2 protein chains.
Amino acid sequence: MAEQLFLSADGRLRDTWRTAFPAARAQRPAEPLVGDVLVWVLVAPGEKAARQIAALRQRGVAQPLIVLADEPGEDDALAALTAGASGYCNSHAAPEVLSQVATVVGNGGLWVGQGLMQRLLAGAARLLPPNPSDGWADTLTEREREVAHAIARGASNKEVARELAITERTVKAHVGAILEKLGARDRLQLSLIVNGVESSR
Amino acid sequence: MAEQLFLSADGRLRDTWRTAFPAARAQRPAEPLVGDVLVWVLVAPGEKAARQIAALRQRGVAQPLIVLADEPGEDDALAALTAGASGYCNSHAAPEVLSQVATVVGNGGLWVGQGLMQRLLAGAARLLPPNPSDGWADTLTEREREVAHAIARGASNKEVARELAITERTVKAHVGAILEKLGARDRLQLSLIVNGVESSR
DNA sequence: CAGCCTGTTGTACTTCGGTACAGTAGGCGC
DNA sequence: GCGCCTACTGTACCGAAGTACAACAGGCTG
């Protein structure tokens, strides 16, 4: 498993964290982050988790980020996740919970608490019907549709490759075929078509 | 790790499944489920995953259930998850993916896939007050807003330059500032924000 | 006035996206 | 069997996009 790195204002570990991960390290948020680590970000009361996540991402931090909130809130969690966090949990959570979160996130998952997940499902279930029978997908093969969707979400070629377990070269081949079939100039115009923006469709 | 048990109509394993889990077992859905196992439920084309999940739960099955869809769909996934599934993925997914799903679910997580998660977050974000994407223009200057709109329409730097009667270099400067302010990685993600794909719309 | 923001432009550089040549392999229909 | 489609991969190239150093002018504010 990857190493655990905790970011807290005083650069120190709490007892529960060390219990969960005896080998954990800690440092101040401003210091550079290196290595293949899971990054836990302590968010103090009154601070916005999403802000700190966004700030770290802007600094080029690519590692998975997990929010440890002193005062957890579902809205705060939601904002943090949309800002690119991979998990959100109570900073005083039990060591066993932290360990589970680490496992899930370390394997590419997102950790969202039970309550929030239910809320997400409830929220999304409400807008279930919107299933437009798009005409753009008609001429595409199955694989091309998968790629088109990923691109339209904003994924890079490298990300699509990882997602579909193929090489970046193959992704490029699919993208080229898609652009040709849809008459799009580049991936951005492709996304406009797939997302149904403006005149297309 | 817990054992893997696959439920398919013919009670047989597919190659990719065995590759991912050499020790996996398979059986027909009707047979009783016993032991501490992860249960993978194959859903054939045209069938509803949520139905099969609900049926299993009614039979008293308490183990984690993961849907393997021959024809995956986000709506189907959503319904399956609300019905109590712990995961949902393509039945033809690569062994590495299956293995990841198993790890995540085996540790108490939910596996939902990138696309669906984004939709969930988008759906929930819409229901709840602080919608950051509505105010994307707030921090931008007048000129930056003009550039942002053009980019979001799919214009290239060269086209924007011609349109605004400035050099391509200046467009790049504006784009760079916009990306930083909005926390976007590239012009495609910028367009998603401006066009409200992942939030309002 | 000094300092800050906005808008503008320059050179040089790296990374990413897209294309142009390929090639292999499996499935399907005639 | 032969062609065709689909999926996948390779090397190489070019241009677009984005970043890292800048610089300069004008307007506004303490």
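Predicted, not measured: the structure shown is a model, and the values here were computed from it. First the proteins, then the strands, lettered A, B, ... as listed; each starts at 1. Only this structure's heavy atoms are used, side chains among them; waters, hydrogens and symmetry mates stay out.
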Under 4.0 Å between a side-chain N or O of [X] and OP1 or OP2 of [N]?
{"X": "T170(A)", "N": "dA7(D)", "result": "no"}
{"X": "S156(B)", "N": "dA16(D)", "result": "no"}
{"X": "R187(B)", "N": "dG18(D)", "result": "yes"}
{"X": "T167(B)", "N": "dT9(C)", "result": "yes"}
{"X": "N157(A)", "N": "dG17(C)", "result": "yes"}
{"X": "H174(B)", "N": "dT8(C)", "result": "yes"}
{"X": "T141(B)", "N": "dG7(C)", "result": "yes"}

Is there a donor and acceptor pair, one atom on the side chain of R169(A) and one on the base of dT11(D), closer than 3.5 Å?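 When only heavy-atom distances are counted, R169(A) does reach the base of dT11(D) through a donor-acceptor pair under 3.5 Å.
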R14(B) and S8(B): side chain donor to acceptor below 3.5 Å: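 No, no side-chain donor-acceptor pair sits under 3.5 Å.
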Categorize R143(A) for me: base, sugar-phosphate, or nothing, with a 4.0 angstrom heavy-atom threshold over every strand shown.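 The residue R143(A) makes sugar-phosphate contact but no base contact.
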Separation of atom [atom1] in [X] from atom [atom2] in [N], rounded to whole Å:
{"X": "R185(B)", "N": "dT15(C)", "atom1": "CZ", "atom2": "P", "answer": "16 Å"}
{"X": "E146(B)", "N": "dT8(C)", "atom1": "CD", "atom2": "P", "answer": "8 Å"}
{"X": "E168(B)", "N": "dA16(D)", "atom1": "CD", "atom2": "P", "answer": "7 Å"}
{"X": "E144(A)", "N": "dA7(D)", "atom1": "CD", "atom2": "C1'", "answer": "10 Å"}
{"X": "K172(A)", "N": "dA20(C)", "atom1": "NZ", "atom2": "P", "answer": "13 Å"}
{"X": "E142(B)", "N": "dG27(D)", "atom1": "CD", "atom2": "C1'", "answer": "16 Å"}
{"X": "D186(A)", "N": "dG18(D)", "atom1": "CG", "atom2": "C1'", "answer": "15 Å"}
{"X": "I166(A)", "N": "dT6(D)", "atom1": "CD1", "atom2": "P", "answer": "16 Å"}

Are T16(B) and T19(B) close enough, and set up right, to give a side chain to side chain donor-acceptor pair (under 3.5 Å), and what steps lead you there? CA-CA 5 Å; T16(B) 50; T19(B) 305; over 6 Å; no
Close side-chain approach of Y88(B) and I53(B), heavy atoms under 4.5 Å: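 Side-chain contact under 4.5 Å: no.
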More than 12 foreign heavy atoms under 6.0 Å from CG of D10(B): is that the case here?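 For D10(B), atom CG is crowded (more than 12 foreign heavy atoms under 6.0 Å).
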Choosing from dA16(D), dT9(C), dT9(D), which nucleotide comes nearest the side chain of K158(B)?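 Nearest to the side-chain atoms of K158(B), counting from C-beta on, is dA16(D).
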Charged N-O contact under 4.0 Å between E159(B) and R153(B):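 So E159(B) does not pair with R153(B) through a salt bridge.
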By nearest nucleotide on DNA chain C, pick out whichever of L188(A) and L164(B) is the more 5' one.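 Per heavy-atom nearest nucleotide, the more 5' residue is L164(B).
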